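Remember, predicted model here, so these are calculated numbers, not experimental data. Proteins get letters first, then strands, A, B, ... in listed order; numbering begins at 1 in each.
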Protein chains: 2
Amino acid sequence: MTADPFLADCRARLAFDLLANTWNAVVVWALRDGPCRPAGLRRRIGGISSKVLTETLRRLQADGLVERRAAEPGRSGVEYELTDLGRTLLEPIGAFGVWAFEHGDEVAAAREAAEREEGAR
Amino acid sequence: MTADPFLADCRARLAFDLLANTWNAVVVWALRDGPCRPAGLRRRIGGISSKVLTETLRRLQADGLVERRAAEPGRSGVEYELTDLGRTLLEPIGAFGVWAFEHGDEVAAAREAAEREEGAR
DNA sequence: CAGAATCCTTTACGATACTG
DNA sequence: CAGTATCGTAAAGGATTCTG
């Protein structure tokens, strides 16, 4: 048995790394309906601080997934929007959403059972 | 604009949190072909220490995605295998794999461009 | 070979306060 | 309102060593 060719491909690891933090996927998903301002994003997402939102958006910008620009003419502030590349991520992320609805409860149940067992030890 | 109903669903966040670390998705993927022993997993994955692999497997076990048992009769050691629940994750994870092949280069290019710009600053 | 025990470094995340 | 600056904590990851 040798190294997995798929996992050896650095692009695959890159994709996994994109999701390997708490907020990237969440923020991309929160932008799926179109441009949004930071305050709006924070309301949508819930539980994310201004600082962490900014950091996440910078990361996504650097990866070419999100664009920052001045808000629509006549409105103050800025807007963030998914790039074309960023929008291609919506499909796989959505697949996880579907998975969550179908199997999230099972994971939660397993986790609680494991914790009970842990507590009984 | 109010909180996103999808993101407010704790199951959705749970799904994202499952992937919110470096190794969970990688290890699940490495187990897609069937039972495997830790040493085999380490070879397949590459770059993961024994300690981190064990931690990851424990996490996945607690979430009901992976099962641990003695290796096949006649062989020493232990084996890990995806549970039925764990196997349901292969589809969405695979979707990311496809995405990586199609768009990984674009992300890498964007990242490099951003770093060059960063360096020029 | 499986994996637990240590030790260490880094960073992600969170809370808060502050600036233009 | 957007974003930065600080500070603090917790956790993840890595390297190494040791044991059954």
Side-chain angles (χ1 to χ4, degrees), chain A residues 1-2 7 13-14 16-28 30-31 35-63 66-81 111 114-115 118 121, chain B residues 1-2 7 13-14 16-28 30-31 35-63 66-81 111 114-115 118 121:
Chain A
M1 188 184 313
T2 167
L7 291 176
R13 290 296 276 272
L14 186 151
F16 289 154
D17 286 348
L18 269 186
L19 305 187
N21 73 70
T22 312
W23 296 112
N24 270 11
V26 173
V27 170
V28 168
L31 282 167
C36 194
R37 305 205 291 164
L41 282 174
R42 293 190 59 193
R43 245 174 292 124
R44 281 196 158 170
I45 294 172
I48 189 173
S49 72
S50 157
K51 177 202 162 207
V52 172
L53 176 60
T54 302
E55 286 172 351
T56 305
L57 287 168
R58 293 282 173 278
R59 232 180 0 241
L60 295 173
Q61 267 185 274
D63 288 344
V66 157
E67 232 175 34
R68 175 187 190 272
R69 63 166 125 80
E72 313 232 329
R75 308 184 57 188
S76 64
V78 298
E79 273 179 356
Y80 290 90
E81 184 175 17
R111 197 174 286 187
E115 270 173 26
E118 172 83 8
R121 242 184 350 99
Chain B
M1 188 185 313
T2 168
L7 291 176
R13 290 294 276 271
L14 185 151
F16 289 153
D17 286 347
L18 270 185
L19 305 188
N21 72 71
T22 312
W23 297 110
N24 269 11
V26 173
V27 169
V28 168
L31 282 167
C36 193
R37 305 208 290 164
L41 283 174
R42 292 190 60 192
R43 243 175 293 123
R44 282 197 157 169
I45 293 172
I48 188 171
S49 73
S50 157
K51 177 203 163 206
V52 171
L53 175 62
T54 302
E55 287 171 351
T56 305
L57 288 167
R58 294 282 173 278
R59 234 182 356 243
L60 295 172
Q61 265 186 275
D63 288 344
V66 157
E67 233 174 33
R68 175 187 190 273
R69 62 165 128 81
E72 313 231 331
R75 311 184 55 190
S76 64
V78 296
E79 272 178 356
Y80 291 90
E81 184 176 18
R111 197 173 283 187
E115 269 171 27
E118 172 83 8
R121 237 183 357 95

**Prompt:** Hey, are Lys51(B) and Glu55(B) close enough for a salt bridge, meaning a charged N less than 4.0 Å from a carboxylate O?
**Reply:** yes
Using only atom types and a distance under 3.5 Å, with no angle test, would you say the side chain of Asp63(B) pairs donor to acceptor with the backbone of Arg111(A)?
no
Taking all non-hydrogen atoms of both residues into account, name the closest pair between [X] and [Y] and its distance.
| X | Y | answer |
| --- | --- | --- |
| Leu31(A) | Val66(A) | CD1-CG2, 3.8 Å |
| Asn24(B) | Leu18(B) | ND2-O, 3.0 Å |
| Val78(B) | Arg68(B) | CG1-NH2, 3.7 Å |
| Pro35(B) | Glu79(B) | CB-OE1, 3.6 Å |
| Gly46(B) | Trp23(B) | O-CH2, 4.3 Å |

Of Pro38(B) and Asn21(A), the one whose nearest nucleotide on DNA chain C sits closer to the 5' end is Pro38(B)
In this structure, how many angstroms lie between the [atom2] atom of [N] and the [atom1] atom of [X], rounded?
| X | N | atom1 | atom2 | answer |
| --- | --- | --- | --- | --- |
| Leu41(A) | dG3(D) | CG | P | 10 Å |
| Glu79(A) | dC1(D) | CD | P | 15 Å |
| Tyr80(A) | dC1(D) | OH | C1' | 12 Å |

Describe the nucleic acid contact of Ser76(B) in one word from base, sugar-phosphate, nothing, applying a heavy-atom distance below 4.0 Å. nothing
Note to self: Classify Arg68(A) by what it touches in the nucleic acid, base, sugar-phosphate, or nothing, heavy-atom distance under 4.0 Å.
What the structure shows: sugar-phosphate
So the contacted stretch of DNA chain C, first to last nucleotide with an atom under 4.0 Å from a non-hydrogen atom of chain A, runs from dC13(C) to dA15(C)
Here the gap from Thr56(A) atom OG1 to Tyr80(A) atom OH, rounded to the nearest 0.5 Å, amounts to 10.5 Å
Contact check, residues 46-58 of chain A vs DNA chain C, heavy-atom distance under 4.0 Å, returns Lys51(A), Val52(A)
